[in-house]
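Accompanying notes for the structure given below.
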Amino acid sequence: MPRIAVVTTGGTISMRYDPALGGAVPAVSGTELLEMVPGIGEVGSIELVEFSNVPSCHLTPAMMFELCHVVQNTLDRSDIDGAVVTHGTDALEETAYMADLWVHSDKPLVFTAAMRNNSEMGADGPRNVLAAVRVASCADAYGLGALVVFNGHILAARDTIKMHTSNLDAFRSPMHGPLGNVDDDAVVIFRRSRVRQSIRPERIVPKVELLRTYAGMDSAHMLWSLGQGSNGLVIEAMGQGNVPPETMPGIRAWLDADKPVVLVSRCPEGRALDTYAYEGGGKQLRNMGVIFGEDLTGQKARIKLMLALGLTGDVDEIRGMFEYLA
């Protein structure tokens, strides 16, 4: 029987309704959570690792990086066959992507969560945990990198986006689809991702800004964040990778300071490309030295830039870590 470590961090999956406060709060220990999962002991021998019990919107990049170390040390043990991380849904895609880039192991690493707390009818946490443990126990899940298992879907962490605020099917991979599914009788893996990367610094550089463009946007926020000593900037551009012309002075200031500026699209699907050559268009931005972040979301590009800056401050080296699909 495989031995699976379950690392708990908190989130809705570990919450109950508090009538005095009028809402859900962290209240369920790791032990209690596992006791709610019927049949989990028939899938594997479970070892509990309690990392934290906080809403995931309280997690900082430093805490995520610490969690990656805990997961790495756990998977490095010869008596552990795989790991499951229970997590809040708000920041799950960021933590899971950091783990996909940083944790180095072929053993299955699976993130899961819940949309309904344990006081609600139809709470989905126990079912998701069971599915995650089944995937972590599956030989076909070896070498897939960090995974997100949610509502029966097996998703690559790199491609996973929280698409809905409350639906039980909140997590999806809108561009690439799932890697597989968890059925009642089997774990079915039908494809593997071919665009995985490894970025393993000894530290992260968390002071990276993320700005979303909008009609009529100017350079004020960019110049302010540069003046605050931020180390990198991620811009969620319009369409294929275009920005309002009034933002160009701010982008030039960042580039003149020899600090990396990474461009992604604010659209949920598609890559940022240098198609347009007008003022603020992608062609002009690429010629200026802006780094194109492929099809990553802004929050994931920010996580990746934090890791990249932990290895180097050289903009061209960082460009090579981002522009690898072209």
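- Each of Val110, Val182, Ile40, Val129 was compared with Arg134 under the side chain to side chain contact (heavy atoms under 4.5 Å, CB included) criterion, and only Val182 meets it.
- The two atoms that bring Val208 and Leu233 nearest to each other are CG1-N, 4.4 Å, heavy atoms only.
- In this structure, the side chain of Gln284 engages the main chain of Gly280 through a donor-acceptor pair within 3.5 Å.
- Under the 4.5 Å side-chain heavy-atom criterion for ILVMFWY residues, a single connected hydrophobic cluster contains both Leu48 and Val133.
- The pair Asp184-Arg127 meets the salt-bridge criterion, since a charged nitrogen lies less than 4.0 angstrom from a carboxylate oxygen.
- Across Pro201 and Leu311, no two heavy atoms sit closer than the pair CA-CD2, 3.5 Å.
- Using a 4.5 Å cut-off on side-chain heavy atoms (C-beta onward), Arg203 and Val205 make contact.
- A donor-acceptor pair under 3.5 Å is absent between the side-chain atoms of Asp183 and the main chain of Asp185, judged by distance alone.
- Using a 4.0 Å cut-off between charged nitrogen and carboxylate oxygen, Glu294 and Lys300 do not count as a salt-bridge pair.
- Under a cut-off of 6.0 angstrom, the local environment of NE2 in His221 is sparse, with at most 12 non-hydrogen atoms contributed by other residues, nucleotides or ligands.
- Of all heavy-atom pairs spanning Pro174 and Met163, the tightest one is CG-SD, 4.1 Å.
- Counting only N and O atoms by type, the side chains of Glu93 and Thr160 include no donor and acceptor under 3.5 Å apart.
- Arg172 contributes a side-chain N or O that, together with a main-chain N or O of Asp169, makes up a donor-acceptor pair within less than 3.5 Å.
- Taking 4.5 Å as the limit, some side-chain heavy atom of Met98 sits within range of a side-chain heavy atom of Ile303.
- Residue pairs meeting the salt bridge (charged side-chain N to carboxylate O under 4.0 Å, His left out) criterion with at least one member in residues 140-153: none, sequence neighbours excluded.
- When atom types are taken as modelled, the side chain of Lys107 and the backbone of Leu75 share a donor-acceptor pair closer than 3.5 angstrom.
- Phe322 places a side-chain heavy atom less than 4.5 Å from the side chain of Val262.
- For the pair Arg191 (side chain) and Gly177 (backbone), a donor-acceptor distance under 3.5 Å is present.
- Applying the ring-ring contact (aromatic ring centres under 6.0 Å, His included) test to Tyr276 and every residue at least two apart in sequence or in another chain returns Tyr278.
- Taking each heavy atom of Gly250 and Ser219 in turn, the nearest pair found is N-OG, 2.9 Å.
- Looking only at distances, a side-chain donor or acceptor of Asp100 sits under 3.5 Å from a matching main-chain atom of Ala146.
- Partners of Phe150 under the ring-ring contact (aromatic ring centres under 6.0 Å, His included) rule, at least two apart in sequence or in another chain, are Phe171.
- You'll find the side chain of Met321 reaches within 4.5 Å of the side chain of Thr312, heavy atoms only.
- Judged purely by atom type and a 3.5 angstrom limit, Thr12 has no side-chain atom pairing as donor or acceptor with the backbone of Asn117.
- Side-chain heavy atoms closer than 4.5 Å link hydrophobic residues (I, L, V, M, F, W, Y) into clusters, and following such links, possibly through other members, connects Val135 to Leu144.
- Side-chain atoms of Glu32 and Ser29 include a donor-acceptor pair closer than 3.5 Å.
- Taking hydrophobic clusters as Ile, Leu, Val, Met, Phe, Trp and Tyr residues chained together by side-chain heavy-atom distances below 4.5 Å, Ile13 does not share a cluster with Leu92.
- Judged by distance alone, the side chains of Arg16 and Ser119 never bring a donor and an acceptor atom under 3.5 Å apart.
- Contact between Ser14 and Leu33 at its shortest, heavy atoms only, is OG-CD2, 4.2 Å.
- Every side chain to side chain contact (heavy atoms under 4.5 Å, CB included) that Pro2 has, sequence neighbours left out, goes to Ile4, Asp81, Ser137.
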Sequence neighbours left out, cut at 3.5 Å: what donor-acceptor pairs do the side chains of residues 82-91 make with other protein atoms?
{"residue": "His87", "atom": "NE2", "partner": "Thr95", "partner atom": "OG1", "Å": "2.9"}
{"residue": "Thr89", "atom": "OG1", "partner": "Lys162", "partner atom": "NZ", "Å": "2.8"}
{"residue": "Asp90", "atom": "OD1", "partner": "Lys162", "partner atom": "NZ", "Å": "3.3"}

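- At a threshold of 4.5 Å between non-hydrogen side-chain atoms, the residues Leu210 and Glu236 count as touching.
- A pairwise comparison of heavy atoms in Val264 and Thr297 identifies CG2-C, 4.2 Å as the closest pair.
- Under the 6.0 Å distance and 45° angle rule, Arg286 counts as a cation-pi partner of Phe292.
- Of the possible donor and acceptor atoms, one in the side chain of Arg266 sits under 3.5 Å from a partner among the backbone N and O of Thr213.
- A donor and an acceptor atom, one from each side chain of Gln197 and Lys304, are located under 3.5 Å apart.
- Listed for the Asn242 side chain is a donor-acceptor partner under 3.5 Å among the backbone atoms of Gly282.
- Although no hydrogens or angles enter the test, the distance criterion places a donor-acceptor pair under 3.5 Å between the side chain of Glu50 and the main chain of Gly30.
- With sequence neighbours excluded, the residues that form a ring-ring contact (aromatic ring centres under 6.0 Å, His included) with Phe65 are His69, Trp102.
- Following chains of ILVMFWY side-chain contacts shorter than 4.5 Å, one cannot reach Val261 starting from Ile291, and the two form parts of different hydrophobic clusters.
- Within a 6.0 Å radius of CD in Gln228, more than 12 heavy atoms belonging to other residues, nucleotides or ligands are found.
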